[in-house]
Student: 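Sharing a structure with you now.
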Amino acid sequence: MTQTSDIPQRRPLARIGHFVATRRKLVLDYFSAISGAGGRLVFSLAYFVALANTLSIAEFGMFATASAAGIMLSRILAFGFISALYRTATIRPNLIGTFTAGFLFLGVLSLPFLAAASYMVYLIFFAGTVPLGVFAAVVFAEALLWRPVEVVLIVNNGLGKFGRAAVLAILATALRAIGAVMFVFAAQRTVGVWSLFYIGANAASLIVAFAFFYPRQRLKLRPELYFRRLADSIYVAGSDVLFYLQMEFDKLLVLSIGGAHLAGIYAIIMRLVDLTAIPIRTFSMMLVQRMMRAPELLSRLAVKSGIESGVFLVSTLALASLGVVLHFFPNALGKNVAEAAPLVALAICVPGLRNLVEYQAELLFARGQTAMRAINLGLLAGLKAVLLTYVLTTIADTPNLVLSLNIVFLLLYLASMLLTYSAMRRPAKAI
């Protein structure tokens, strides 16, 4: 006979069992997706170590800054229609072929705008520092080769095929790492030569992605369907450009104000910071998908604060662990990275604050508030430009400069939090 005293002890276990059972698919999907993030993290680290220790610090700074600009400019491709393709894969997967045709159609139309914007960015930030041929090659690799690979990842994640997306993420990042390792043995190891290796690695990733991982549907061109969604797509493209501008603007400013060597040191530190965001982005992607179907998911303050605390804690612990390793083994990631190793721990709060700003921007995308997202990101980009220009022009000592980044990113986070959660008081827009 069951004792009455046993019931209170069993009820919590029963609740936990029921919670896990009802969310079994969600848990499996998350682990499928995070496995891709884990594999990507390993190969990203291998890629970083090989490249950062083969190029000189100054040339690594040139490449990292050009790559950051290329990532930002790649959001112009197809005028942001990738967002419509992602929503279609998530909600109306039978229209993927139609919207893929739209992406290709608008992609071709966007090329003159992409070229003009790229040349403008080059004249403002890179002229006299990075050769035009190198800049053009890196932007070509990021915008026309790597961005379509991301499209394949986005579509698979939208379809809920997280395992396939994880495998592709690992393969594509591994191909980049292989390219970097091959570059180590090249006869000439300059940033110009590396840009050609980079094109080759990204081209290989593109072939693999579309040959083996893209859903097979007949392409059907329906321009009237695309133009109805073009305004929203342009908002997304604009906000994505602004998002990456405020995320990567520091590299552009460091290169233009501090020079290539300081840009290289800074790029090494921020690349290590960026590695902490890979697992966080997996969580954000799955949360965004749930919010597309249930916009009021984060209506409770306890849920919002709990998620943000978790993002900050995981990010901070990741960089702290790396800082401890580099403190005792400064050459663990190579001789060039060793020069920046003492500075890594000084940026202890930067990963968490940076990842939270990125997470908050995704919340507005999930709720369909793309115009408000673009406005907020524009304001954040302007604030970041002012803060970083002040820091770079008033602090000459590199350790103090890195330490001051904690204050810069704290102010950016507070501004982002105010703008984001004020916007979320408004009703979500139908998708």
Student: What heavy-atom pair brings I348 and T316 nearest, and what distance separates the two atoms?
Tutor: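 Residues I348 and T316, closest heavy atoms: O-CG2, 3.8 Å.
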Student: Return the CZ to CZ distance between R222 and F105, rounded to the nearest 0.5 Å.
Tutor: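 So the CZ of R222 and the CZ of F105 are separated by 14.0 Å.
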Student: Could you tell me the separation between the CD1 atom of I199 and the CG atom of L206, rounded to the nearest 0.5 Å?
Tutor: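 Rounded to the nearest 0.5 Å, the CD1-CG separation comes out at 12.5 Å.
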Student: Could you give the side-chain donor-acceptor pairs of residues 168-181 under 3.5 Å, partners two or more places apart or in another chain?
Tutor:
from: T173; atom 1: OG1; to: A169; atom 2: O; distance (Å): 2.7
from: R176; atom 1: NE; to: N202; atom 2: OD1; distance (Å): 3.1
from: R176; atom 1: NH2; to: Y198; atom 2: OH; distance (Å): 2.9
from: R176; atom 1: NH2; to: N202; atom 2: OD1; distance (Å): 3.3

Student: Among pairs that include at least one residue of residues 373-389, which meet side chain to side chain donor-acceptor pair (under 3.5 Å), considering only residues two or more places apart or in two chains?
Tutor: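 Checked against side chain to side chain donor-acceptor pair (under 3.5 Å) - neighbours excluded - the pairs reaching residues 373-389 are S239-R373, D240-R373, E362-R373.
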Student: Could you tell me whether the side chain of V208 reaches within less than 4.5 Å of the side chain of F213, counting heavy atoms only?
Tutor: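 F213 vs V208: side chains touch.
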Student: Answer yes if the side chains of E142 and S74 hold a donor-acceptor pair under 3.5 Å, and no otherwise.
Tutor: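 No pair is found: no donor N or O on one side chain lies under 3.5 Å from an acceptor on the other.
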Student: Heavy atoms, side chains only, cut-off 4.5 Å: are F212 and I207 in contact?
Tutor: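 SC-SC contact between F212 and I207 ruled out.
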Student: Would you say L144 and L111 make side-chain contact, with heavy atoms under 4.5 Å?
Tutor: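 Yes, their side chains come closer than 4.5 Å.
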Student: Pick one: which of T100, V155, V152 meets side-chain contact (heavy atoms from CB on, under 4.5 Å) with P215?
Tutor: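 Exactly one option meets the side-chain contact (heavy atoms from CB on, under 4.5 Å) with P215, and it is V155.
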Student: Do other residues, nucleotides or ligands put more than 12 heavy atoms under 6.0 Å from the NZ atom of K220?
Tutor: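 12 or below, so no.
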Student: Would you check, one step at a time, whether the test side-chain hydrogen bond (donor to acceptor under 3.5 Å, both in side chains) holds for T398 with Y266?
Tutor: CA-CA 9 Å; T398 304; Y266 188 83; over 6 Å; no
Student: Within the distance-only criterion (no hydrogens, no angle test), does the side chain of N336 pair as donor or acceptor with the backbone N or O of A52 below 3.5 angstrom?
Tutor: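 Between the backbone of A52 and the side chain of N336 there is a qualifying donor-acceptor contact (under 3.5 Å).
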Student: What's the separation between atom NE2 in H261 and atom OG in S56, rounded to the nearest 0.5 Å?
Tutor: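 Atom-to-atom, H261:NE2 and S56:OG are 9.0 Å apart.
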Student: Using the rule given for side-chain contact (heavy atoms from CB on, under 4.5 Å), can you reason through L104 versus L219, listing the C-alpha separation, both sets of side-chain angles and the distance that settles it, and then say yes or no?
Tutor: CA-CA 10 Å; L104 296 173; L219 300 180; 4.1 Å; yes
Student: Grab the two heavy atoms, one from A165 and one from L153, that are nearest each other, plus how far apart they are.
Tutor: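 So the two residues come closest at O-CD2, 3.2 Å.
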Student: I268 versus F48: any side-chain heavy-atom pair under 4.5 Å?
Tutor: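 In short, these two side chains touch, coming nearer than 4.5 Å.
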Student: Give the minimum heavy-atom separation between L319 and P351, together with the two atoms involved.
Tutor: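 What the structure gives for the nearest pair is CD2-CG, 3.5 Å.
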Student: For residues 113-131, run the donor-acceptor check on the side chains, cut-off 3.5 Å, and write out each pair with its distance to 0.1 Å, sequence neighbours left out.
Tutor:
from: S118; atom 1: OG; to: L114; atom 2: O; distance (Å): 2.7
from: Y122; atom 1: OH; to: V130; atom 2: O; distance (Å): 2.8
from: Y122; atom 1: OH; to: L132; atom 2: N; distance (Å): 3.2

Student: Any donor and acceptor pair, going by atom type alone, linking the side chain of T394 with main-chain N or O of Y390 inside 3.5 Å?
Tutor: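 The answer is yes, because a donor-acceptor pair under 3.5 Å joins these two groups.
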Student: So does G80 get a backbone contact from the side chain of S83, meaning a donor-acceptor N/O pair under 3.5 Å?
Tutor: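 Yes, because the side chain of S83 sits within donor-acceptor range (under 3.5 Å) of the backbone of G80.
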Student: Under 3.5 Å, is there a donor-acceptor pair between the side chain of T420 and the main chain of M417?
Tutor: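 No: the side chain of T420 does not pair with the backbone of M417.
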Student: Please answer whether the main-chain N or O of I71 pairs with a side-chain N or O of R75 as donor and acceptor at a distance below 3.5 Å.
Tutor: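 Yes, because the side chain of R75 sits within donor-acceptor range (under 3.5 Å) of the backbone of I71.
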Student: On a heavy-atom basis, which atom in I96 and which in Q217 lie closest, and how many Å separate them?
Tutor: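 For I96 and Q217, the tightest heavy-atom pair comes out as N-OE1, 3.4 Å.
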Student: E59 side chain to T190 main-chain N or O, any donor-acceptor pair under 3.5 Å?
Tutor: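 No; zero donor-acceptor contacts below 3.5 Å.
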Student: Check whether S422 reaches the backbone of L419 with its side chain - one donor and one acceptor, N or O, closer than 3.5 Å.
Tutor: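 No, the answer is negative, given that no donor and acceptor are paired below the 3.5 Å cut-off.
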Student: Between L383 and L412, is any pair of side-chain heavy atoms under 4.5 Å apart?
Tutor: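 Contact flag for L383/L412 side chains = yes.
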Student: For Y214, is there any backbone N or O sitting under 3.5 Å from a side-chain donor or acceptor partner on R216?
Tutor: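 Between the backbone of Y214 and the side chain of R216 there is a qualifying donor-acceptor contact (under 3.5 Å).
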Student: If you take the centroid of each ring, where Trp contributes its six-membered ring, are F99 and F81 closer together than 6.0 Å?
Tutor: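 Centroid distance F81-F99: below 6.0 Å, so yes.
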Student: Determine whether a donor-acceptor pair (N or O, by modelled atom type, separation under 3.5 Å) exists between the side chain of N406 and the backbone of C349.
Tutor: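 A pair under 3.5 Å: yes.
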Student: Mind checking whether L272 and L326 have side chains closer than 4.5 Å, heavy atoms only?
Tutor: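 In contact.
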Student: Is the ring pair F63/W194 parallel, tilted or perpendicular, if the boundaries are 30 and 60 degrees?
Tutor: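 Ring orientation, 0 to 90° scale: perpendicular.
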Student: Does a side-chain heavy-atom distance below 4.5 Å link L45 with V42?
Tutor: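 They are not in contact (no side-chain heavy atoms under 4.5 Å apart), so the answer is no.
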Student: Rounded to the nearest 0.5 Å, how far apart are OH of Y413 and CG of L353?
Tutor: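 So the gap between those two atoms works out to 8.0 Å.
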Student: What distance separates F409 CZ from S416 OG, expressed to the nearest 0.5 Å?
Tutor: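 So the CZ of F409 and the OG of S416 are separated by 12.0 Å.
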Student: Between M62 and A260, which heavy-atom pair has the shortest distance, and what is it?
Tutor: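 Distance-wise, the nearest heavy atoms are CE-CB, 4.2 Å.
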Student: What heavy-atom pair brings R189 and T54 nearest, and what distance separates the two atoms?
Tutor: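 Between these two residues, the closest heavy atoms are CD-CG2, 3.4 Å.
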Student: Working to the nearest 0.5 Å, report the span between CG of L196 and CD of Q188.
Tutor: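 Between atom CG of L196 and atom CD of Q188 there are 10.5 Å.
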Student: Evaluate the criterion side-chain contact (heavy atoms from CB on, under 4.5 Å) for residue pair L380 and V357; output intermediate values, then yes/no.
Tutor: CA-CA 9 Å; L380 291 174; V357 172; 4.2 Å; yes
Student: Which one of V350, I265, V402 satisfies the side-chain contact (heavy atoms from CB on, under 4.5 Å) criterion with M270?
Tutor: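 That would be V350; it is the only one of V350, I265, V402 passing the side-chain contact (heavy atoms from CB on, under 4.5 Å) with M270.
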Student: Would S315 and V311 count as a side-chain contact (heavy atoms from CB on, under 4.5 Å) if you check the C-alpha gap in whole Å, the side-chain angles of each, and the deciding distance to 0.1 Å?
Tutor: CA-CA 6 Å; S315 304; V311 168; 4.3 Å; yes
Student: Has N53 got a side-chain atom pairing as donor or acceptor with L333's backbone, closer than 3.5 angstrom?
Tutor: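 Side chain of N53 to backbone of L333: a pair is present.
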Student: Could you please spell out the steps behind the side-chain contact (heavy atoms from CB on, under 4.5 Å) verdict for L77 and F103?
Tutor: CA-CA 9 Å; L77 185 67; F103 167 72; 4.1 Å; yes
Student: Just wondering, are more than 12 heavy atoms of other shown residues or ligands nearer than 6.0 Å to CZ in F329?
Tutor: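 Counting other residues, nucleotides and ligands, CZ of F329 stays at 12 neighbours or fewer.
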Student: Find out whether L405 and L388 are in side-chain contact, i.e. whether some heavy atom of one side chain is under 4.5 Å from a heavy atom of the other.
Tutor: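 A side-chain contact exists here, since the closest heavy-atom pair is under 4.5 Å.
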